[in-house]
K.L.:
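Quick one: this structure, given as structure tokens, is what I'll be asking you about.
In what follows, chains carry the letters A, B, and so on, assigned in the order in which the sequence lines appear, proteins first and then strands, with residues in each chain numbered from 1. What's counted below: heavy atoms across the whole structure, side chains too, no hydrogens, waters or symmetry copies.
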Amino acid sequence: MAKEITDRSENYSQWYNDIVRKAGLAEHSAVRGCMVIKPTGFAIWEKIQSQLDSMFKETGHINAYFPLFIPKSFLSKEAEHVEGFAKECAVVTHHRLMNNPDGPGVVVDPSAKLEEELIVRPTSETIIWNTYKDWIKSYRDLPILINQWANVVRWEMRTRPFLRTAEFLWQEGHTAHATKAEAIEEAQQMHEVYARFAEDYMAMPVIKGAKSANERFAGALETYTIEALMQDGKALQAGTSHFLGQNFAKAFEVKYLDNNNKEQFVWATSWGVSTRLIGALVMTHSDDDGLVLPPKLAPLQVVIVPIPKPNGVILEHAEKIVAELKAKGISVKIDRDKKNRPGFKFAEYEMKGVPVRIGLGMRDIENNQVEIARRDTKEKTNVPMDGCADYVAKLLDEIQDNLFQRAKAYRDDHITEVDSYDAFKEALEQKGGFIKAHWDGTTETELKIKDETKATLRCIPEDDGGEGKCIVTGNPSKQKVIFAKAY
RNA sequence: AGGGGUGUAGCGCAGUCCGGUUAGCGCACUUGGUUUGGGACCAAGGGGUCGUAGGUUCGAAUCCUAUCACCCCUACCA
């Protein structure tokens, strides 16, 4: 029994790193802060992409692509925006290399200095709004509902695979609207889409809400967030949708003529989720034996393991099952390896998070049955070979549902409502997770709490519990809000 | 960014303090054989500029300097 993954209780961070590596999701690259997303990890991203993309299309959005490089001057145009990102940007200063005159290798050609430096996009609001300026003249040009799938770079000091890397993949939607109400509605709609995706596909329960002024996206008037809870009791912001008001329209002079022939500034939104979702997926469902994936996002849903090894008779039966499963749109493969023994393979597929494993040996064939093991509970059942594809199809749905219910039970169990600052601190210390408390609405109080407890205001949820008194200042509070230590 | 730690074969490590033949071990890999319903065993092999660059020395994985990367804990962020 070779244990390859550190237990969560022993070292949670190490557990996470072990899973990312042992399940083949990603590995460190030669470039500081940048990871190689390996085929399995990327296949999960492709699943996420394709589902989200179709949800974006359903809500009327189309894809486009804007440049990786942004002229430095663009970032100076929206004061708050630049404040939020300037410190962590990669800057391109030259456009040519030359042979090193003093030795081997190449050096930057000093004569190839750019007149204006280019910033590697940390997000694309500026280059996109600079473009929209030319696209929008009339109310008839609105709305513009564009999304782009892209990579972005934020020069983070400390990085962790998927959760925080210098370069990451994401999608960013950027929409332009004639009215404030329409833009707000758009931001809320995409917030809803993210929540639905998280719960229905990732099987990850989220709390929906708005960010406080302090936690808002730089340049936004309102930021909507979905907040998930990881198994170590820390919150993870999984997707944000921003109502940007007219800040970018004003900075880039994006105006349109309304039907009264009057010039108006355009209203904007932006919204995004990133490869961080893969980190969220890992930390929501996985256990000490390895990765656990919800069937809807698992690159491989079923594996058939011939026991003890493949032979003609076993493979013949296995192929039949494969055909039946594929007919149902289920992804499946037969393990044709002859070297390793079943026990090794079982452990291996569990580590890699394949939701369902079918064991098939001569004994099964004699009894006209297969052994079906589910990854989420590790239960094994013998089921009749005839109709086993139906059983598997139902089981995949059941696993998807069970993962959500399990995560939700954990999450709900880790929402603590408190009415005093002492209780707040105690809950945070003893239990972690989300803490629901009255807050007076001031940044000052929020920062005091953060400073004293390390907990941040995650969101102001939609379902408020009514008015009360702030746990810190005793001042009137409109509703309870959610605090947590966060990633 | 602050504190702590680690870089020796794909992975995990010993050797470093106290310099000295040809740099070892376990797993993984290759080949052959025996096995086979929860991480098999035996045997024979392959794989290393000891993170990188300088320096000290007759001689450096080992000492010195610089540098890079990664991990853990804080701080910051998607």
K.L.:
Hunt down the Watson-Crick or G-U wobble partner of A66(B), both distances under 3.5 Å, from any strand shown, or write none.
P.N.:
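Across any shown strand, A66(B) pairs with U52(B).
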K.L.:
Confirm from the modelled atom types if Arg154(A) and C77(B) form a donor-acceptor pair under 3.5 Å, side chain to base only.
P.N.:
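Side chain to base: no pair present.
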K.L.:
Quick one: is U36(B) close enough that its OP1 or OP2 comes under 4.0 Å of any side-chain N or O from Lys339(A)?
P.N.:
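Looking at the OP1 and OP2 atoms of U36(B), neither is under 4.0 Å from any side-chain N or O of Lys339(A).
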K.L.:
So what does Lys22(A) touch, heavy atoms closer than 4.0 Å: a base, only the sugar-phosphate, or nothing?
P.N.:
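Contact class for Lys22(A): none.
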K.L.:
Just to be sure I understand the rule, does Lys450(A) reach a base, reach only the sugar-phosphate, or reach nothing, if contact means heavy atoms closer than 4.0 Å?
P.N.:
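If one applies the 4.0 Å heavy-atom cut-off, Lys450(A) turns out to touch the sugar-phosphate alone, with no base involved.
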K.L.:
Distance check, P atoms only: U31(B) and U67(B), in whole angstrom units.
P.N.:
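Those two atoms are separated by 47 Å.
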K.L.:
Does G45(B) pair with anything, Watson-Crick or G-U wobble, both distances under 3.5 Å, and if so, with which nucleotide?
P.N.:
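For G45(B), the partner nucleotide comes out as C29(B), under the 3.5 Å rule.
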K.L.:
Taking atom types as they are modelled, is there a donor-acceptor pair under 3.5 Å from the base of G38(B) to the side chain of Glu348(A)?
P.N.:
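Such a pair does not exist between side chain and base.
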K.L.:
Write down the distance separating the P atoms in G12(B) and C72(B), rounded off to the nearest Å.
P.N.:
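Each nucleotide's P atom is 13 Å from the other's.
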K.L.:
Any side-chain N or O of Asn17(A) below 4.0 angstrom from OP1/OP2 of C72(B)?
P.N.:
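Affirmative; the distance criterion is met.
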K.L.:
At under 4.0 Å between heavy atoms, what does Ser274(A) touch on the DNA or RNA strands: base, sugar-phosphate, or nothing?
P.N.:
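Base contact.
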K.L.:
Could you work out the separation of G48(B) and C64(B) based on their P atoms and round it to a whole Å?
P.N.:
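Looking at atom P only, G48(B) and C64(B) are 29 Å apart.
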K.L.:
What about Asp364(A), does its side chain sit under 3.5 Å from the base of G37(B) through a donor-acceptor pair?
P.N.:
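Indeed, a donor on one side and an acceptor on the other fall under 3.5 Å apart.
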K.L.:
Check every strand shown and say whether Thr456(A) touches a base, only sugar-phosphate, or nothing at a heavy-atom separation below 4.0 Å.
P.N.:
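If one applies the 4.0 Å heavy-atom cut-off, Thr456(A) turns out to touch nothing in the nucleic acid.
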K.L.:
Output the distance between atom CH2 (Trp149(A)) and atom CD (Gln49(A)), rounded to the nearest 0.5 Å.
P.N.:
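Between Trp149(A) CH2 and Gln49(A) CD, I get 4.5 Å after rounding to 0.5 Å.
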K.L.:
Which one, G38(B), A40(B), C71(B), comes nearest to the side chain of Lys380(A)?
P.N.:
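It is G38(B).
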K.L.:
Please check if the number of heavy atoms outside Lys408(A) that lie under 6.0 Å from its NZ is greater than 12.
P.N.:
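At most 12 heavy atoms, drawn from other residues, nucleotides or ligands, come within 6.0 Å of this atom.
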